[in-house]
Novice: 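Here's a structure for you.
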Amino acid sequence: MPRLSEVIAALENLWPAERAESWDAVGTVVGDPDQEVTRVLFAVDPVQEIVDEAVKLGADLLVTHHPLYLRGTTTVAATHFKGRVVHTLIKNDIALHVAHTNADTADPGVSDALAGALDLRVTGPLVPDADDPEGRRGLGRVCALDHPLTVREFAARAAERLPATAQGIRVAGDPEAVLRTVAVSGGSGDSLFDQVRAAGVDAFLTADLRHHPVSEARAHSRLALLDAAHWATEWPWCELAASQLDEISDRHGWDLRVHVSKTVTDPWTAHAASATSDPLGAPN
């Protein structure tokens with residue numbers, strides 16, 4: 001039965017903290033290095049609903065993609081929702097470890113898992129890590145489709161393969177345009193349009209696309225854009241990460257029980273379709 005320090009060392013080997021962005025907050029947030037670990041839960045968000053799930057599961061370690069405290073804090077009082085998370089974790093002897101941008105750029109990382117969920121063949125990183133001599137690490141992935149699809153067909157594949165959310169998949173571009181290559185980036189991706197255009201792909205699937213960047217990107221080229229829910233584009237990484245820890249556990253004889261939360265923590269809870277799909281303009 002491993003100690004927390006041993007499990008964390010294995011996770012840090014997968015996603016070294018020094019590869020996180022300078023603004024990020026990764027690593028162990030809560031936990032006694034000497035506590036024993038038998039059960040681990042992976043999730044995207046360290047919110048109370050997930051922590052309560054970890055308690056019910058009897059987990060000793062919760063690993064999330066998103067940080068609990070990204071910008072620091074002066075209090076962990078239980079009067080605040082993040083403070084309640086900390087109190088619940090400590091009271092139940094559950095450690096919390098975060099792998100965020102260091103998991104985004106890992107090999108394999110968040111965008112590899114996203115590409116795998118969409119049955120895309122990864123050909124390389126969208127934004128290569130200059131410190132990786134093999135050219136495999138980096139942000140986002142450039143991919144090839146197994147066979148050409150229209151934008152409409154690829155959007156339907158994304159809606160079917162990614163976890164269901166209220167948002168679904170939004171599309172900017174000609175629905176009947178044919179795609180052979182696609183760039184993907186888990187999480188917010190509209191800062192990457194220059195790199196996507198430079199990659200010469202037919203489409204870009206990511207999350208959190210905003211009006212003005214999308215409008216400008218469409219004016220630059222005929223690139224098709226697909227906007228999925230942030231949580232949905234990152235959840236596949238939880239399954240990838242869990243399988244990686246399972247393999248480490250088997251190799252070391254730890255006999256860890258590793259779980260992936262299927263709780264939907266995307267903040268959007270409902271979607272009402274517009275009354276008309278007339279593309280000619282907004283109502284007066």
Novice: Does CZ in Arg218 sit with more than 12 non-hydrogen atoms of other residues, nucleotides or ligands closer than 6.0 Å?
Specialist: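 Yes.
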
Novice: With a sphere of 6.0 Å drawn around CD of Glu176, does it hold more than 12 non-hydrogen atoms of other residues, nucleotides or ligands?
Specialist: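 Check passes, neighbour count above 12.
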
Novice: Do Leu61 and Ile94 come close enough that some side-chain heavy atom pair is under 4.5 Å?
Specialist: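 Leu61 vs Ile94: side chains apart.
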
Novice: To the closest 0.5 Å, what do you measure between CG (Asp190) and NE2 (His212)?
Specialist: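 So the CG of Asp190 and the NE2 of His212 are separated by 11.5 Å.
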
Novice: With hydrophobic residues grouped by side-chain heavy-atom distances under 4.5 Å, do Leu126 and Val182 end up in a single group?
Specialist: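 Looking at the clustering, Val182 is in a separate group from Leu126.
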
Novice: Indicate if Val63 and Val30 have the same hydrophobic cluster label, given that clusters are the connected sets of ILVMFWY residues with side-chain heavy-atom separations under 4.5 angstrom.
Specialist: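 No, because Val63 and Val30 fall into different hydrophobic clusters, even though each may have its own neighbours under 4.5 Å.
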
Novice: Any chance you could measure Leu192, atom CG, to Phe204, atom CZ, to the nearest 0.5 Å?
Specialist: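 Reported value, rounded in 0.5 Å steps: 5.0 Å.
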
Novice: How long is the span from the CG atom in Asp119 to the SG atom in Cys143, to the nearest 0.5 Å?
Specialist: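 Taking CG in Asp119 and SG in Cys143, the distance rounds to 11.0 Å.
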
Novice: Side-chain contact test, heavy atoms from C-beta onward, threshold under 4.5 Å: evaluate it for Asp24 versus Leu70 and give yes or no.
Specialist: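 Heavy-atom side-chain distance check passes, below 4.5 Å.
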
Novice: Linking I/L/V/M/F/W/Y whenever any side-chain heavy atoms sit under 4.5 Å apart, do Val151 and Phe193 land together?
Specialist: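 No, Val151 does not connect to Phe193 through the hydrophobic network.
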
Novice: To check you understand the geometry: which heavy-atom pair defines the closest contact between Ala25 and Val98, and what is its length?
Specialist: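 For Ala25 versus Val98, the nearest heavy atoms are O-CG1, 3.8 Å.
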
Novice: Would you name the heavy atoms of Val122 and Ala115 that are closest together and state the gap between them?
Specialist: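 Here Val122 and Ala115 meet closest at CG2-CB, 3.7 Å.
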
Novice: Sort out for me which residue in Thr64, Val51, Val29 forms a side chain to side chain contact (heavy atoms under 4.5 Å, CB included) with Pro46.
Specialist: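 It is Thr64, the one option of Thr64, Val51, Val29 that forms the side chain to side chain contact (heavy atoms under 4.5 Å, CB included) with Pro46.
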
Novice: Got a donor-acceptor contact below 3.5 angstrom from the Glu49 side chain to the Thr265 backbone?
Specialist: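 The answer is no, because no donor-acceptor pair under 3.5 Å joins these two groups.
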
Novice: Taking Asp250 for its side chain and Glu247 for its backbone only, find out whether a donor-acceptor pair lies under 3.5 Å.
Specialist: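 Side chain of Asp250 to backbone of Glu247, a donor-acceptor pair under 3.5 Å: no, none is there.
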
Novice: Is the backbone N or O of Leu256 less than 3.5 Å from a side-chain atom of Ser249, with the two atoms forming a donor-acceptor pair by type?
Specialist: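 It does hold such a pair.
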
Novice: Are the side chain of Ser111 and the backbone N or O of Gly186 linked by a donor-acceptor pair below 3.5 Å?
Specialist: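 Side chain of Ser111 to backbone of Gly186, a donor-acceptor pair under 3.5 Å: yes, one is there.
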
Novice: Do NZ/NE/NH1/NH2 and the carboxylate oxygens of Arg157 and Glu153 come within less than 4.0 Å?
Specialist: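 Result for this pair is no, no salt bridge flagged.
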
Novice: Does the side chain of His65 come within less than 4.5 Å of Trp235's, by heavy atoms?
Specialist: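 The answer is no, as the side chains (C-beta and beyond) never meet within the 4.5 Å cut-off.
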
Novice: Return the OG1 to CG distance between Thr181 and Leu120, rounded to the nearest 0.5 Å.
Specialist: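 Between atom OG1 of Thr181 and atom CG of Leu120 there are 10.5 Å.
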
Novice: Cut-off 3.5 Å, no hydrogens considered: what does the side-chain donor-acceptor table look like for residues 3-11, sequence neighbours left out?
Specialist:
{"unit_1": "Arg3", "atom_1": "NH1", "unit_2": "Asp34", "atom_2": "O", "d": "2.8"}
{"unit_1": "Ser5", "atom_1": "OG", "unit_2": "Pro33", "atom_2": "O", "d": "3.4"}
{"unit_1": "Glu6", "atom_1": "OE1", "unit_2": "Arg3", "atom_2": "N", "d": "2.8"}

Novice: Suppose the criterion is salt bridge (Lys or Arg N to Asp or Glu O under 4.0 Å): which pairs have a residue in residues 120-131, not counting sequence neighbours?
Specialist: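 Residue pairs passing salt bridge (Lys or Arg N to Asp or Glu O under 4.0 Å), neighbours aside: Asp129-Arg137.
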
Novice: Flag yes if more than 12 heavy atoms outside Arg251 fall under 6.0 Å of its CZ atom; otherwise flag no.
Specialist: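 Counting neighbours around CZ of Arg251, more than 12 heavy atoms of other residues, nucleotides or ligands fall under 6.0 Å, so yes.
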
Novice: Please check this pair: side chain of Glu234 against backbone of Val110, looking for a donor-acceptor N/O pair closer than 3.5 Å.
Specialist: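 No; zero donor-acceptor contacts below 3.5 Å.
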
Novice: Are Gln48 and Phe81 side-chain neighbours, meaning at least one heavy-atom pair lies under 4.5 Å?
Specialist: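 Gln48 vs Phe81: side chains apart.
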
Novice: Does a side chain donor of either Thr263 or Glu53 reach within less than 3.5 Å of an acceptor in the other side chain?
Specialist: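 Looking only at side-chain atoms, Glu53 and Thr263 do form a donor-acceptor pair, the distance falling under 3.5 Å.
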
Novice: Roughly how far, to the nearest 0.5 Å, is CG of Asp104 from CG of Asp112?
Specialist: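 Output value for this atom pair is 11.0 Å.
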
Novice: For the CG atom on Asp146, are there more than 12 heavy atoms of other groups (residues, nucleotides or ligands in this structure) within a distance under 6.0 Å?
Specialist: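 Atom CG in Asp146 is packed in, count exceeds 12.
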
Novice: Could you tell me whether the side chain of Trp23 reaches within less than 4.5 Å of the side chain of Thr101, counting heavy atoms only?
Specialist: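 Contact flag for Thr101/Trp23 side chains = yes.
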
Novice: Hydrophobic clustering (ILVMFWY, side-chain heavy atoms < 4.5 Å, transitive) - are Val142 and Leu179 grouped together?
Specialist: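 No, separate clusters.
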
Novice: According to a 4.5 Å side-chain heavy-atom criterion applied to Ile, Leu, Val, Met, Phe, Trp and Tyr, with indirect links allowed, do Val171 and Val196 form part of one hydrophobic cluster?
Specialist: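 Val171 does not cluster with Val196.
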
Novice: Do you know the tightest heavy-atom contact between Thr75 and Thr73?
Specialist: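 Nearest heavy atoms, Thr75 then Thr73: O-OG1, 2.9 Å.
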
Novice: Find out whether His147 and Leu149 are in side-chain contact, i.e. whether some heavy atom of one side chain is under 4.5 Å from a heavy atom of the other.
Specialist: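 Sidechains of Leu149 and His147: in contact.
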
Novice: I'd like to know if the side chain of Thr206 reaches the main chain of Gly187, judged simply by a donor and an acceptor atom lying under 3.5 Å from each other, with no hydrogens or angles considered.
Specialist: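 Answer holds: yes.
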
Novice: Taking all atoms of both residues into account, what is the closest heavy-atom pair of Val26 and Ala20, and its distance?
Specialist: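 Shortest heavy-atom contact: CG2-CB, 3.8 Å.
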
Novice: Could you tell me whether the side chain of Asn102 and the main chain of Trp15 form a donor-acceptor pair under 3.5 Å?
Specialist: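 Between the backbone of Trp15 and the side chain of Asn102 there is a qualifying donor-acceptor contact (under 3.5 Å).
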
Novice: Closest heavy-atom contact between Leu114 and Val184?
Specialist: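 Nearest pair, atom of Leu114 first, then Val184: CD2-CB, 3.8 Å.
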
Novice: Rounded to the nearest 0.5 Å, what separation is found between the CZ atom of Arg84 and the NZ atom of Lys91?
Specialist: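 That separation rounds to 11.5 Å.
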
Novice: Using modelled atom types only, decide if a donor and an acceptor are shared between the side chain of Asp202 and the backbone of Leu223 within a distance under 3.5 Å.
Specialist: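 Judged by distance alone, no pair lies under 3.5 Å.
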
Novice: Do Val44 and His66 touch side chain to side chain, with heavy atoms closer than 4.5 Å?
Specialist: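 When only atoms from C-beta onward are counted, His66 and Val44 do touch, with a gap below 4.5 Å.
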
Novice: Got a donor-acceptor contact below 3.5 angstrom from the Arg170 side chain to the Ala228 backbone?
Specialist: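 Not confirmed, Arg170 side chain does not pair with Ala228 backbone.
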
Novice: Can you give me the closest heavy-atom contact between Asp45 and Ile50, atom names plus distance?
Specialist: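 Between these two residues, the closest heavy atoms are O-CG1, 3.3 Å.
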
Novice: Counting only N and O atoms by type, is there a donor-acceptor contact under 3.5 Å from the side chain of Arg210 to the main-chain atoms of Val214?
Specialist: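 No: the side chain of Arg210 does not pair with the backbone of Val214.
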
Novice: Can you list everything that forms a side-chain contact (heavy atoms from CB on, under 4.5 Å) with Val264? Sequence neighbours excluded, please.
Specialist: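 side-chain contact (heavy atoms from CB on, under 4.5 Å) check on Val264 returns Trp231, Asp266.
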
Novice: So do the side chains of Asp132 and Asp107 get within less than 4.5 Å of each other, counting heavy atoms only?
Specialist: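 Result no, sub-4.5 Å side-chain heavy-atom pair not found.
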
